[in-house]
Amino acid sequence: MERQTLQRAREAFFSGRARPLEFRVQQLHALQKMLTEKENEISTALKQDLNRSQYDTPLLELIGIENEIKLAVEKLSDWAAPRSVEKNLLTLSDEVYIQPEPLGLVLIIGAWNYPWALTLLPLVGAIAAGNAAVVKPSELSECSSLLLRALLPRYLDKDLYPVVTGGAAETQELLKQKFDHIFYTGSSSVGKLVMEAAARHLTPVTLELGGKSPCYIDKNCDITTACRRITWGKLTNCGQTCIAPDYVLCESVVQSRVLEEIKKSIKEFYTDNPKVSDDYGRIVSQRHFKRLMGLMEGSTVAFGGDVDESQLYIGPTVLEGVTSESRVMKEEIFGPLLPIITVDGVEEAIQFINDREKPLVLYVFSYDKKLIKRMLAETSSGALLANDCLVHFIDSALPFGGVGHSGMGRYRGRHSFDLLSNLRSCLIKQLHLERVNSMRYPPHNSRRLGWARFFLLTQISLRRLGYVLAMLAALSAFLVQKYLRQD
Amino acid sequence: MSREQQAVARARKAFETGRSKPLEYRIHQLQNLQRLFSERQKEISDAINKDLKRSEVGMQMFETLGLEGEIALTIKKLKEWAAPRPVEKNLMTLSDTVYVWPEPLGVVLIIGAWNYPWAVTVQPLIGAIAAGNAAVVKPSEVCVHTAKVMEELLPVYIDKELYPVVCGGVPETQELLRQRFDHIFYTGNSTVGKLIMEAAAKHLTPVTLELGGKSPCYIDKNCDLSIACRRVAWGKFTNCGQTCIAPDYVLCEPSIQDRVIEEVKKSIKDFYTDNPKTCPDYGRIINQRHFKRIMGLLEDSAVTVGGENDESNCYIAPTVLRDVKPEAKVMQEEIFGPLLPIVPISGLDEAIKFINKGEKPLALYVFSSDDKVINRLRDQTSSGGFLANDCLVHFSVSSLPFGGVGNSGMGCYHGRFSFDQLSHLRGCLIKQLKMEGVNKMRYPPHTPKKLGWARFFILKTFNLGWVGRMLLLAVLAVVGAVVLQKYLQ
């Protein structure tokens, strides 16, 4: 069944209809229409999948997609246009540019934690770049997955952008087929399998993975604001965010204050009883619920720890007495547990962070610019965000992606377009000036080599040359004019 | 620990000392590399001559000249490339510092190829050094003499812990591939490319694969055939056809086939004399295995020029095949040798169809005086690079990214692209711990009013660059008005 779907998508791509910019813009508008018209249905599906509040749906998913669509529609003719590059002496009279073109058939494997954003944001890039795309939403967010399968073909070209649902078996079947790019969001272990499958067809991959994103709180900062932002970053979507602050590092002198402020923020956001707050989410499945319960073993619950398996509810929980050996430090938490680990200062924090895999994001809270710079210079991560959490994802000018075990490739905004395009180098020469070429033809001799050396190694900044020429032109125009007036 | 494990471990330890990070250090290493080429031309030349029978001038022109240019460009531009790159702000980040911060990846593995051993092994190394990485260099064992010279010379000039050279064949490469790297840069064929990517997947290591394929060359009847064929002949027979971007085969209309053959024959004589075997500028096939492979490709096609060969010498003359059928043996794999098949097609439409039936090539060539033909071919096909009216030379334009697509590869390099490919471009957003009022709209408990504000701030992005430009224009207009007014008085 999948093979037929893929065949149809490929044929639709080869028909050429995804190529004209007008078509791509029209499809993007249609996607926006779907999100606007069906917001309620989407909200309902998300409530069933993750107990997402009706405000979190637009806030965390739809506004982001709307923004991305808006940007793509506005900038598409800019992004898709040939991009001139700097010429050299040998190409002075030639056309030299990079021509973005579609790759072909893209596979997008979405995740369950932000099922709409993480599936549709790459789709926006795929459509903008002129590709066909097979969309495979995560089966864990089942209601959203089924809704997407029902809705997308009603609004978008159903041959070019088919939705394929299913679990591991269906995904494995899909991965046996050939694609021109695979965009996967999920865990590192599955990421390896995706890349391995892609290797058989030499398919390039983008892997948006995860890891343990550290959060260092310097004693020299506004602890109240810092903790509020961290609490928000952690507990949004019940901690099920790839860029959630996974654990906190701070000096023992501020530890109790940090705990206090976090407690305060939890209460502010979710009341004394988060279980009944509309805005507090649930764990996506039994399996993840049990996994998270297991992670708490061996650590001290400083706050929270209340659970209800029937509801897949785990209350906002802060853990103390956590060391690098604790269970909760052995894997990405992806849940509402916030370990606080004490360190002796920024040096130990950096050591701690560098002893682990490169995370998707590194958070640091401090007034001290030098400290922030030090963190930046002495660690590595997909991104670094100082004094807030999560919000770098909203800025589509910043490339979003991981490094090392947290992923490869980057997207958002123009980066999505470039990622899912073939940026083809083009050099259009003329069939003249053959004399210049004679230096490269055999029979080779040192004199010809000398000329080749001159032409290849002389670097002139043509831009600067252009300015100089322009200035000379202006000056001569002025002088000529003066001279004419004097007559 | 195996020798390969040790080399990688040492490189990682050296990287972790941080000494490859300062720009001065990287430039110093690049300058040393430059000295290697200016001081050791003779050893490099002799080895290349033994491996590929390339003349000294030919060696410089096709290997070290390009590298010298690349090193000079890199040293000149490194400060710019390595500096934080500001990005466009939006309403939410107006008062923040937002930029992309290039940083080293760590330990890069560079697996070189044998056809231009210095060029394709050292060019990625330049990028790796420039980006502040350590790099394990694995030259191809097929170019036996050059690999040995690389192993001897590189440690003399550049940091031998940060940039170790590991020689060996398949087992040594497999051992290397079991180790963990932060990037693998491979130049070679698609079959091995798949194995490399599979091995890289186990560590989630990103890869750059510079592969190959059959690069088509369409010769339009509407063009200066004499010049076109000279450029095609040069592109084909340089290095005895052993170039990843050599024009693999020619497509043209039957009406010009004879003329094409004539002109190519003329060019061969101009370049390599009547007896290319004795010409110092004509190369040899790298080894017996490839010799046999290429000879096998001739089986079911008609040789119209050349065809002479000498197995003891690994010599195959510049050879043109005419009226080649799509099913012919020579059309089933990348030739990588001095055989130029001419496949007659009825016109541009058929040429495009023919090209699109195959895998996406590394390069696509078209010779025509008609812009429309060129544009059509470009728009209706795909390839890594597209070059009209010449061969190979897009490789030396460092402002153009060089790389493949589909079966011809992934990733790209040259110039700044090498630096970016082997860096991690880290997104950085430095906010302040104030203006918390603005953030209230995102915190629970959620309300429609808060949501309205969030919507406003996120969606009302405007281009600050545009605003700045408008302001500048306004100021200039005012100044202009004042000046004009004074002048009119």
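Letters go in sequence order (proteins before strands), and every chain restarts at 1.
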Report which part of [X] has an atom under 4.5 Å of a heavy atom belonging to chain A: side chain, backbone, both, or neither.
X	answer
Tyr365(B)	neither
Ser382(B)	both
Ile374(B)	side chain
Phe237(B)	neither
Thr191(B)	neither
Asp270(B)	backbone
Thr93(B)	side chain
His203(B)	backbone
Ser190(B)	both

Between [options], who has the most heavy-atom pairs with chain A when the cutoff is under 4.5 Å?
options	value
Arg85(B), Gln432(B), His394(B), Glu16(B)	Gln432(B)
Asp390(B), Leu195(B), Leu211(B)	Asp390(B)
Phe271(B), Tyr99(B), Tyr272(B), Phe62(B)	Phe271(B)
Lys21(B), Arg231(B), Lys450(B)	Arg231(B)

Between Val393(B) and Arg440(A), is the side-chain contact (heavy atoms from CB on, under 4.5 Å) condition met? List the steps. CA-CA 10 Å; Val393(B) 294; Arg440(A) 75 193 195 193; 3.4 Å; yes
Checking side-chain polar atoms at under 3.5 Å, does [X] have a donor or acceptor matched by the opposite partner on [Y]?
X	Y	result
Arg426(B)	Ser381(A)	yes
Arg424(A)	Ser383(B)	yes
Arg230(B)	Ser438(A)	no

Of all of His392(A), Arg410(A), Arg228(A), Lys178(A), which one pairs up most often with chain B through heavy atoms under 4.5 Å apart?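 Winner by heavy-atom pair count: Arg228(A).
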Before you tell me yes or no, could you show the steps for Arg180(B) and Glu357(A) under salt bridge (charged side-chain N to carboxylate O under 4.0 Å, His left out), namely the whole-Å CA-CA distance, both residues' side-chain angles and the distance that decides it to 0.1 Å? CA-CA 12 Å; Arg180(B) 184 172 173 187; Glu357(A) 293 295 339; 2.8 Å; yes
Are the side chains of Arg455(B) and Asn67(A) in contact, using a 4.5 Å heavy-atom criterion? no
